[in-house]
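Lettering follows sequence order; numbering is per chain, from 1. Quick caveat, the model's predicted, so the values are computed rather than measured.
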2 protein chains.
Amino acid sequence: MARDDTVHRKAVLSVLDEARWHLTADEVYEEVKKTLPRISKGTVYRNLRKLRDRGDIAALELSGALTRFEGRREPHYHFVCESCGCVFDLDEPVDHELNARVEKKSGFRIAYHHLEFRGRCSGCENMQTRH
Amino acid sequence: MARDDTVHRKAVLSVLDEARWHLTADEVYEEVKKTLPRISKGTVYRNLRKLRDRGDIAALELSGALTRFEGRREPHYHFVCESCGCVFDLDEPVDHELNARVEKKSGFRIAYHHLEFRGRCSGCENMQTRH
DNA sequence: ATAACTGCAAATGTTTTGCTGGAAG
DNA sequence: CTTCCAGCAAAACATTTGCAGTTAT
């Protein structure tokens, strides 16, 4: 994090670094408000975009869901529970050769891929209730 | 397609079956309007949802983009050009064992996965212009 | 001075919904 | 009669933007 960041930007980043979770913009907003009650949503959005562009955080754009943000870590895949909507990080190693393989076959210049698993998490699987 | 579908629903489905492309809801709307000029967007959205729920079409919810719809075909992966936004189907075979493998390791009940490659398509790669 | 940043409110763009009337079974 | 579906307009929703004032360099 750049030392000369504003209080607001630092607060946004710190919320994401401390969260062991993937937060939506609105959740970040609610969290930051606890420290900076006068912060506005516009500022949160502006800072999230800036931090993402700069690579300090990652934006998770999963299928048919709100964008979620997470503190920067190594690339990894995600599991989405279609019952409760929770998002989990997976330990599954990222397949680094996949891009090159598909690039050769398809002719497209591939920069990265995005892999997401969907189903029901253990919690939802145990309760019989669905949705 | 159910024989007793309405004219409107049939038109939506037929647009998607004939398109060799992935259309946004709005593009479907514009296309259907050529045949049924008085159709409303609400109707297009309602029918897209119904057709998707029923499995007659697939909804592509790619990272950070509008949902696109395609006529039903075998599962396949997609490539998204980050320069022009185009979406291409890939021939790459779907990895059917992946779900079971990750399910065993993670403990989540995995129903399916979603794999999407991103980069620059050949056309954009040749022109030096970006975005 | 100038550039970057803020709060606020308004605008944007996609998708959903309420309502009322019509068509189908 | 009852259910489904239509058009239309309004609502909902996340996100972006314009503006005028503030802070930092």
Side-chain angles (χ1 to χ4, degrees), chain A residues 1-16 19 21-70 80 85 87 131, chain B residues 1-16 21-54 56-70 80 85 87 131:
Chain A
M1 129 163 86
R3 181 167 3 289
D4 56 330
D5 269 343
T6 62
V7 182
H8 306 75
R9 187 137 64 230
K10 280 183 195 154
V12 167
L13 184 55
S14 125
V15 160
L16 285 171
W21 201 240
H22 315 82
L23 305 179
T24 62
D26 197 65
E27 286 163 350
V28 172
Y29 168 64
E30 289 301 332
E31 201 57 35
V32 174
K33 254 203 319 198
K34 293 180 185 165
T35 326
L36 302 170
R38 299 191 44 83
I39 198 172
S40 73
K41 259 189 193 174
T43 299
V44 170
Y45 274 100
R46 273 186 282 239
N47 281 321
L48 284 172
R49 202 177 345 148
K50 172 148 291 198
L51 287 167
R52 189 244 290 144
D53 291 346
R54 196 208 261 177
D56 287 337
I57 63 174
L60 267 185
E61 293 170 333
L62 300 169
S63 313
L66 294 190
T67 299
R68 292 179 170 274
F69 300 86
E70 55 182 355
V80 181
V87 180
H131 213 191
Chain B
M1 132 163 85
R3 185 169 354 294
D4 55 332
D5 270 344
T6 62
V7 182
H8 306 74
R9 187 139 61 230
K10 280 183 195 154
V12 167
L13 184 54
S14 125
V15 160
L16 285 171
W21 201 239
H22 316 82
L23 305 179
T24 61
D26 197 66
E27 286 163 350
V28 172
Y29 169 63
E30 289 301 332
E31 201 57 35
V32 175
K33 254 203 319 201
K34 294 180 186 166
T35 326
L36 302 170
R38 298 191 45 81
I39 198 173
S40 74
K41 259 190 190 171
T43 300
V44 170
Y45 274 100
R46 272 186 282 240
N47 281 321
L48 284 172
R49 200 176 348 147
K50 173 149 289 197
L51 287 166
R52 189 244 289 145
D53 291 347
R54 195 209 260 176
D56 286 337
I57 64 174
L60 266 187
E61 294 170 332
L62 301 169
S63 313
L66 293 189
T67 299
R68 294 180 169 272
F69 299 86
E70 55 182 355
V80 180
V87 180
H131 213 193

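First and last contacts of DNA chain C with chain B, using any nucleotide atom under 4.0 Å from a protein heavy atom and ordered 5' to 3', fall at C/dT14 to C/dG18.
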Its contact letters, B for base, S for sugar-phosphate only and - for none at protein heavy atoms under 4.0 Å, make nucleotides 7-25 of chain D read BB-----SBBBB-------

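Here A/Thr67 pairs with A/Ala59, A/Glu61, A/Phe69 under the side-chain contact (heavy atoms from CB on, under 4.5 Å) rule; sequence neighbours left out. Residues forming a side-chain contact (heavy atoms from CB on, under 4.5 Å) with B/Ser14 (at least two apart in sequence, or on another chain): B/Glu18.
Interatomic distance, CD of B/Glu30 versus NZ of B/Lys41, reported as 7.0 Å (0.5 Å rounding).
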| task | Decide yes or no on side-chain contact (heavy atoms from CB on, under 4.5 Å) for B/Asp5 and B/Arg54, but give the supporting numbers first. | result | CA-CA 12 Å; B/Asp5 270 344; B/Arg54 195 209 260 176; 2.8 Å; yes

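Counting all heavy atoms, side chain and backbone alike, A/Thr43 lies closest to A/His8 at CG2-CB, 4.1 Å.
Of the options A/Val32, A/Val28, A/Ile57, A/Asn47, a side-chain contact (heavy atoms from CB on, under 4.5 Å) to A/Leu13 is made by A/Ile57 and by none of the others.
Axis angle between the ends of the helix from C/dA1-D/dT25 to C/dG25-D/dC1, five pairs each and rounded to 10 degrees, works out to 10°.
Contact of the A/Leu48 side chain with the A/Leu16 side chain is registered, since non-hydrogen atoms from C-beta on lie closer than 4.5 Å. Looking at heavy atoms from C-beta onward, B/Leu66 lies out of side-chain contact with B/Glu27 at the 4.5 angstrom threshold.
Between A/Asp56 and A/Arg9, no side-chain nitrogen of the basic residue sits less than 4.0 Å from a carboxylate oxygen of the acidic one, so the salt-bridge criterion is not met.
Among residues at least two apart or in separate chains, ring-ring contact (aromatic ring centres under 6.0 Å, His included) pairs with a member in residues 22-52 of chain A are A/His22-A/His78.
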